[in-house]
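Inspection log for the structure reproduced underneath, given as structure tokens.
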Amino acid sequence: MENLWFAFGMTLAAGLSTGIGGLISVGRTNPGPRFMAGALGFSAGVMLYVSFMEILPKGIEELSEAWGTVGGSWAAIAAFFGGIALIAVIDRLVPEPINPHEPGSIDDPEVSAQRRRMMKMGTMTALAIAIHNFPEGFATFISAMEDPQLAIPVAVAIAIHNVPEGIAVAVPIQQATGSRAKALKWSFLSGLAEPAGALISFLVLMPFLGPVTMGVAFAMVAGVMVFISLDELLPAAESTGRHHTAIYGLILGMAVMAASLLLFL
């Protein structure tokens, strides 16, 4: 029982570190185009790097364990593009949020369209990160249950790379609503998927989880995050007119994520 609470506490702390990213992003009162381009590019870099270098390889590894190298690789790639197809369908079905109470939303159609676009991007990013954090929470929880000493570096590494994920959620939400509180709320909520994943997986899914289930989940999540990065984050960064800032932010996001993954090898 002692390990149970320790494991849940580690998972909760790692998940809520997305809120640190939210705090960093809302520290700027009026983010200008350069900050927006850099922050959105940074977020895209984080999501692309972690998808291709960590999540998809984990999916291939899990499925290869079940079905062999060739079968597992084909299955993982199919699940990857299945995740892209899934989020593309969701993207078409999710209505753009309209808030008539936002100042200028009626008088300035261009501002209104930009805010709707940012709100949609922020909520979809939060959804993708929440899906991503769900299996992460299970992994942290299980490692803490089996070996508390192993769980500490695992949880710290996850917490570090959850910070830029919180930025990815908070920046477009704040730009869309003008509300720091809403940006912080969404960044924290996306991180709560991690302890939720730990709890639900432990209570309900643990008897059914195996290499196939985890492999498909990881590969699909990678596809979801790649689609969000290419369809939402990068175009929004480019739309600021700061092309080079967006690219520099993307490269920096990749570098930060790479360092966070290497830190506890």
Side-chain angles (χ1 to χ4, degrees), residues 18 20-52 84 87-88 90-92 94-129 161 163-187 190 223-259:
T18 55
I20 298 174
L23 286 168
I24 292 171
S25 69
V26 302
R28 300 183 67 94
T29 307
N30 295 304
R34 179 172 292 180
F35 175 78
M36 286 296 297
L40 292 168
F42 182 89
S43 302
V46 166
M47 295 177 75
L48 288 171
Y49 190 92
V50 76
S51 296
F52 285 121
I84 290 177
I87 197 63
I90 292 173
D91 182 49
R92 299 293 295 179
V94 172
E96 293 185 346
I98 300 173
N99 185 355
H101 302 293
E102 288 294 332
S105 62
I106 296 174
D107 298 333
D108 191 338
E110 186 177 344
V111 171
S112 178
Q114 174 71 5
R115 285 177 173 168
R116 291 198 301 270
R117 199 158 52 242
M118 284 289 177
M119 189 67 189
K120 181 180 179 183
M121 178 173 57
T123 53
M124 290 191 70
T125 302
L127 173 63
I129 288 172
H161 80 246
V163 171
E165 290 176 353
I167 294 174
V169 174
V171 167
I173 295 290
Q174 183 180 3
Q175 189 73 0
T177 65
S179 169
R180 294 183 178 187
K182 288 181 181 178
L184 278 174
K185 180 182 77 173
W186 278 91
S187 66
S190 66
V224 167
M225 294 182 73
V226 167
F227 182 89
I228 294 287
S229 299
L230 299 179
D231 184 64
E232 300 285 349
L233 293 173
L234 276 180
E238 289 284 342
S239 71
T240 64
R242 302 280 186 168
H243 167 77
H244 286 101
T245 303
I247 297 303
Y248 298 151
L250 182 141
I251 294 169
L252 180 61
M254 289 183 172
V256 169
M257 182 54 66

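The basis for the numbers below is simple: all heavy atoms, side chains too, and nothing from hydrogens, waters or symmetry mates.
- Using a 4.5 Å heavy-atom threshold, the side chains of L250 and L48 count as touching.
- The side chain to side chain contact (heavy atoms under 4.5 Å, CB included) search around S239 returns none, not counting sequence neighbours.
- Looking at V50 and M225, their side chains come closer than 4.5 Å, going by heavy atoms from C-beta outward.
- Here the closest heavy-atom approach between residue M257 and residue Y49 is recorded as CG-CD2, 3.8 Å.
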Please step through side chain to side chain contact (heavy atoms under 4.5 Å, CB included) for the pair T245 and F35, ending with a clear verdict. CA-CA 8 Å; T245 303; F35 175 78; over 6 Å; no
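- Put simply, CZ on F227 and CD1 on I84 are 8.0 Å apart, with the number rounded to the nearest 0.5 Å.
- Summarising the geometry, atom OH belonging to Y248 is positioned 8.5 Å from atom NE2 belonging to H243; distances are rounded to the nearest 0.5 Å.
- Using a 4.5 Å cut-off on side-chain heavy atoms (C-beta onward), L40 and L234 make no contact.
- Not counting sequence neighbours, the partners of A170 by the side chain to side chain contact (heavy atoms under 4.5 Å, CB included) test are S25, A183, S187.
- Across all non-hydrogen atoms, the minimal contact from G45 to M254 is O-CG, 3.5 Å.
- For L252, the side chain to side chain contact (heavy atoms under 4.5 Å, CB included) partners are F42, V256, not counting sequence neighbours.
- Checked against I173 for a side-chain contact (heavy atoms from CB on, under 4.5 Å), the options K185, K182, R180 give a single hit: K182.
- Between V169 and S190, the closest heavy-atom pair is CG2-OG, 4.0 Å.
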